[in-house]
**Student:** 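Encoded as structure tokens, here's the structure I'll be asking about.
Lettering follows sequence order; numbering is per chain, from 1. None of the values given here were measured: they were computed from a predicted structure.
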Protein chains: 2
Amino acid sequence: MRRMTARPENAHQARLLRLLRDNGSNSRAQLGDLVDLSRSKLAVEVDRLLETGLVVADGLAPSRGGRRSHNIRLAPTLRFLGVDIGATSIDVAVTNAELEVLGHLNQPMDVREGPVAVFEQVLSMAAKLKASGVAEGFDGAGIGVPGPVRFPEGVPVAPPIMPGWDGFPVREALSQELGCPVMVDNDVNLMAMGEQHAGVARSVRDFLCVKIGTGIGCGIVVGGEVYRGTTGSAGDIGHIQVEPGGRACVCGNRGCLEAHFSGAALAGDAEQAAREGRSVQLAARLETAGRLTAEDVSAAAAAGDAVALELIREGGKRLGQVIAGLVSFFNPGLVVIGGGVTGLGHTLLASVRTQVYRQSLPLATNNLPIVLGELGPAAGAIGAARLISDHVFSPA
Amino acid sequence: MRRMTARPENAHQARLLRLLRDNGSNSRAQLGDLVDLSRSKLAVEVDRLLETGLVVADGLAPSRGGRRSHNIRLAPTLRFLGVDIGATSIDVAVTNAELEVLGHLNQPMDVREGPVAVFEQVLSMAAKLKASGVAEGFDGAGIGVPGPVRFPEGVPVAPPIMPGWDGFPVREALSQELGCPVMVDNDVNLMAMGEQHAGVARSVRDFLCVKIGTGIGCGIVVGGEVYRGTTGSAGDIGHIQVEPGGRACVCGNRGCLEAHFSGAALAGDAEQAAREGRSVQLAARLETAGRLTAEDVSAAAAAGDAVALELIREGGKRLGQVIAGLVSFFNPGLVVIGGGVTGLGHTLLASVRTQVYRQSLPLATNNLPIVLGELGPAAGAIGAARLISDHVFSPA
DNA sequence: AGACTTTGTCCTGTGTGTGGAAAAAGAAGA
DNA sequence: TCTTCTTTTTCCACACACAGGACAAAGTCT
């Protein structure tokens, strides 16, 4: 079912749409305070937006001392689809035009099953959400994939953990299937956009967003815009060396950050500790489940298991080393840490902070908050919705 | 002698001025091809620029098949002053509006003598250049200082190697003295701008420019614009750790890049090798000069001294480690290496390349040129001129 | 009820930019 | 040398967009 969503005709209209998205319902008068346009001009543009149907009247605003102003808001029927494809699971969310999540599904799935299987799953999840009544159709979809993307074309490139995805025309194919505009980006970049839109990074212009999942990546935001690098692989910090001659990594080198600390490495370390009998708790868990995950370590740490805590601390130190370097180089205004292992929480955070504040220069670390992401598993999907809304809310 | 240089009235005029700066003399017709303005509009804006005196007529262009077009060029009397204050020397250059160097002076001077003494020297050098006839007055001056700068105010902040400079109102003071607009920036950023304008980085939008001088810094260019970070200390890579528990650094940490490889470290290592009798050549030089510098090592290496070569290779490996990390993170389209030690040249370059290509992922290193800067000691001064010309050629 | 404030609409004047026409200047060919 | 075709430049008329004032509508406060 193809929906022809209207697009703004000019930069002014785009500006207004984004204000309405970010500030919710708003009166014409307030809008006038925010944008620097003459009353007549503003009225004309708003009327045109009303005509297109992107914006609708929404009753009267409370008086500010005189005549009450007419409220307007983005069309309540607009729907964005946010898809976050992780290495081991898929998140799909439906949002309204203000990017509020109306429905959210999560499904375990191995990305290595390939794009066809994955998108079949995604479409079925989207259909399920539609059936639940939160959406009739979609006005745009944002897709996050766990690897580098050639952004303008919306095509994954050389994704190490995603065999079979190289060159798959994600944007093209999904746009066809869903009948709406689609944008594709790295999952880490989307997490950064999510935290910027609705999370801890509101109003910060330059920041880093480190995501620890199966691998490790880093979203880079410069001047409020995501920076993707020359070939779309910016932020790929998982293979920075932290230990010369250290552990062998899947990438062929030794001592990569990811080999020493990541969801996968953490699980491996925990299993080894369990087998060596260093932790009763982990051993018991291994016995029941057959294998261990980062979540198990997180749970054990929460229960006070010394080995689990030490693993997290050690990992945080390694991660902190790398972040310290990035902070010196990039001098961000904020560092956000998120991803599946947010459960490791404050133990990890404390360890990272110690390392960064010790290793980086005062000028860069003064007033540098290092915090956990606020949106949890929804960050990626919200960021995806944000990505496509930026596209839809820009002149055609 | 205060000169009132006119400023463009709008973005179109600014655009035209920059085109003339970057492409030299140009015909009205060619300009029309470049700027997407209607013929009438273009004619009006050009006429206004001619009125202000920023632009002058410059004869007729060769025919392109029909009537010959009128050439215009930036006023030939415009002069910019580019000042590059290094840790141990000062470069001052005078350029015309196209940023071609008309005169250049270099003077050894220790930045630690403080801002008052340094600027006295700078002013005297500027006066000498004036006296030589290349300039009558200046329409703007760009100043590079070897430390972080609060860019909007043009004030150095917490410069580790520049005691006495913290908070000194460089922009304010020099603007007063010179009677023209002044902009201040980190010397490394200016080198990057120099190489971007007239050197190897032309037409590259995202690149890194590593400067190895007394210390080590890195200019970051994102989308053609210098990125300075939240507090102006972006690119300060000298204190990234390369050797856990390594050498003590002046910053208080251990194992910093700068402690293991930089002009200062190299000189120290060479002196030690000379004293230990490991290199006849260096020992002889130490005997004559009383101390060694990075240039001495460079000379010895050129003469085939094994110890000097090994020092450079070892340093290049360390530097390469750090750059490899930055390349993974930033995914630049080019890495430029410059600074005083460019004499170390290809030995250093080879060593850095090996390390980067080995350690970073293929997607980031494919088609990633790592090259030496093209402008040598003039890069900083040209970048400084570029900085101020960008300012002067923007609407007031 | 009256004075004052805020909001929304209407209207007109101004200024800006577009695009066509024609003139100017030169190139190429007969 | 003359004619024809190109390219560049200037001139001009028309359309359009926008700002800002005037006024009406809708509220608040005394």
**Student:** For nucleotides 4-18 of chain D, just jot down a letter per nucleotide in 5' to 3' order: B, S or -, based on protein non-hydrogen atoms under 4.0 Å.
**Tutor:** --BBBBB-------S
**Student:** Checking B/His197 now: which residues fulfil side chain to side chain donor-acceptor pair (under 3.5 Å) with it, not counting sequence neighbours?
**Tutor:** B/Arg386
**Student:** Sequence neighbours excluded, which residues qualify as side chain to side chain donor-acceptor pair (under 3.5 Å) partners of B/Ser389?
**Tutor:** B/Arg21
**Student:** Walking along DNA chain C from 5' to 3', note the first and the last nucleotide with an atom under 4.0 Å from a heavy atom of chain B, and give both.
**Tutor:** C/dG17 to C/dA27
**Student:** Taking side chain to side chain donor-acceptor pair (under 3.5 Å) as the definition, give me every residue that meets it alongside B/Asp206, ordered by chain and number, with sequence neighbours left out.
**Tutor:** none
**Student:** Tell me the salt bridge (charged side-chain N to carboxylate O under 4.0 Å, His left out) pairs involving residues 4-15 of chain B, sequence neighbours left out?
**Tutor:** none
**Student:** Got a sec, which residues hit ring pair (Phe, Tyr, Trp, His ring centres under 6.0 Å) with B/Tyr227, two or more places apart in sequence or on another chain?
**Tutor:** A/Phe330
**Student:** What pairs of donor and acceptor atoms, side-chain ones from residues 97-104 of chain B against any protein atom, are under 3.5 angstrom apart with sequence neighbours left out?
**Tutor:**
from	atom 1	to	atom 2	distance (Å)
B/Glu100	OE1	B/Asn96	ND2	3.0
B/His104	NE2	B/Asp91	OD1	2.7

**Student:** Run the side chain to side chain donor-acceptor pair (under 3.5 Å) test against B/Arg228 and tell me which residues pass, sequence neighbours left out.
**Tutor:** B/Asp185
